[in-house]
Asks: 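Here's a structure for you.
Both counts, for ligands and for their atoms, begin at 1 and track the order of listing.
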Amino acid sequence: MTSAMIFPRIRGARRGLGAALDLLLPERCPVCGAPLQGGSGAALCPACFAGLRFPAPPLCGRCGLPLPASGSCGCAAGGAIRRRRFALFYNEVSAALILRCKHGDRPEIAGRLAAWMARAGAELLAEADLLVPVPIHWTRLAFRQYNQAAEIARSLARLCGTPWDARALARIRRTPPQARLPARARRRNVAGAFAARPGAALAGRRIVLIDDVATTGATAEACAQALLAAGAASVDLLSAAAAVPGET
Ligand SMILES: [Zn+2]
Ligand SMILES: [Zn+2]
């Protein structure tokens, strides 16, 4: 019996226990662990919420970053991704929140991120035919049992009524985590790592690619290339957070 066959059962039991404890104990802030005020429905405690940074309009229609006072962004056109939007700047608080989402023990976090993304990505979602989460390699899925990008896409699909397909793309090559690599090596690392699944209905579709964190965009670019190669009409990127130099 492989570890992958054993762990889900243990995790399932833990999740069940967690759900039972939630009925008895006050909800806690997923970032700092402080008890949340009962019945408020708040995602985070007020102190952590104040640490989140949302991009404030007016935003560049292409890269989604706040426009400078001059009104012109200067971002480069080209590449497989047509437009980008993100809900949060990547900083200490959003990183901690997304890390909790990754662990899968607080499934409501994906829903909260999706709600913020629905607002940030309204323009992209209004035209979308299909949401496609950035996939993780099946060996990682087997071990971790959780792809947070897929969980976010599932919540977003429910919110905006757009179909989603977690199997449209496959990670065909296992790659070292991008975070451990210098920026220039990231593009090489993920080149050719993704492919559209044979039979996925992508031709002519306007796709919004969903990810948790966008950094250099190399992963999203490789995914978008695979989707366009399979006939997609366009690919936009909507991420929960984006790492922007000088913006935390
Ligand atoms: Zn907190
Ligand atoms: Zn721009």
Side-chain angles (χ1 to χ4, degrees), residues 18 21-22 25-117 119-128 148 183 187 206 208-209 211-221 223-224 234-248:
L21 285 174
D22 282 348
L25 299 172
E27 265 199 90
R28 293 192 170 271
C29 171
V31 174
C32 72
L36 294 175
Q37 294 307 312
S40 67
L44 303 174
C45 75
C48 290
F49 187 82
L52 291 177
R53 283 203 54 219
F54 299 86
L59 304 174
C60 170
R62 189 156 53 210
C63 70
L65 288 174
L67 284 172
S70 68
S72 118
C73 174
C75 63
I81 303 271
R82 186 174 56 154
R83 296 174 295 180
R84 297 159 196 271
R85 295 291 184 277
F86 59 97
L88 297 162
F89 283 102
Y90 188 72
N91 64 11
E92 213 173 290
V93 182
S94 61
L97 190 61
I98 289 165
L99 191 65
R100 287 307 301 269
C101 182
K102 246 178 201 149
H103 291 157
D105 60 339
R106 295 285 296 258
E108 78 279 11
I109 297 173
R112 184 60 58 148
L113 293 171
W116 289 327
M117 290 163 74
R119 198 176 54 185
E123 200 185 340
L124 314 187
L125 294 167
E127 297 173 6
Q148 68 280 4
R187 207 163 286 274
R206 292 165 300 182
V208 175
L209 189 63
D211 207 358
D212 56 349
V213 182
T215 49
T216 62
T219 299
E221 186 67 22
C223 286
S234 63
V235 182
D236 295 321
L237 171 66
L238 178 56
S239 62
V244 179
E247 300 269 2
T248 57

Asks: State, with a plain yes or no, whether a side-chain heavy atom of D212 is found less than 4.5 Å away from one of C101.
Replies: no
Asks: Any donor and acceptor pair, going by atom type alone, linking the side chain of R85 with main-chain N or O of L65 inside 3.5 Å?
Replies: no
Asks: Any idea which heavy atoms bring A220 and I81 closest together, and the distance?
Replies: O-CD1, 3.6 Å
Asks: So does R206 get a backbone contact from the side chain of S234, meaning a donor-acceptor N/O pair under 3.5 Å?
Replies: no
Asks: Find the distance between CG (D236) and CG (L209) and round it off to the nearest 0.5 Å.
Replies: 9.5 Å
Asks: In Å and rounded to the nearest 0.5 Å, what is the CG to SG distance from L97 to C29?
Replies: 8.0 Å
Asks: Closer than 2.8 Å to the Zn ion (ligand 1), how many protein N/O/S atoms do you count?
Replies: 4
Asks: Provide the closest heavy-atom pair for F86 versus A120 in the form atom of the first, atom of the second, distance.
Replies: O-CB, 3.4 Å
Asks: With rounding to the nearest 0.5 Å, note down the distance linking CG in L52 to CD in E92.
Replies: 11.5 Å
Asks: Excluding waters, how many protein N/O/S atoms sit closer than 2.8 Å to the Zn ion (ligand 2)?
Replies: 4
Asks: Would you say the side chain of F49 lies within less than 4.5 Å of the side chain of V93, judging by non-hydrogen atoms?
Replies: no
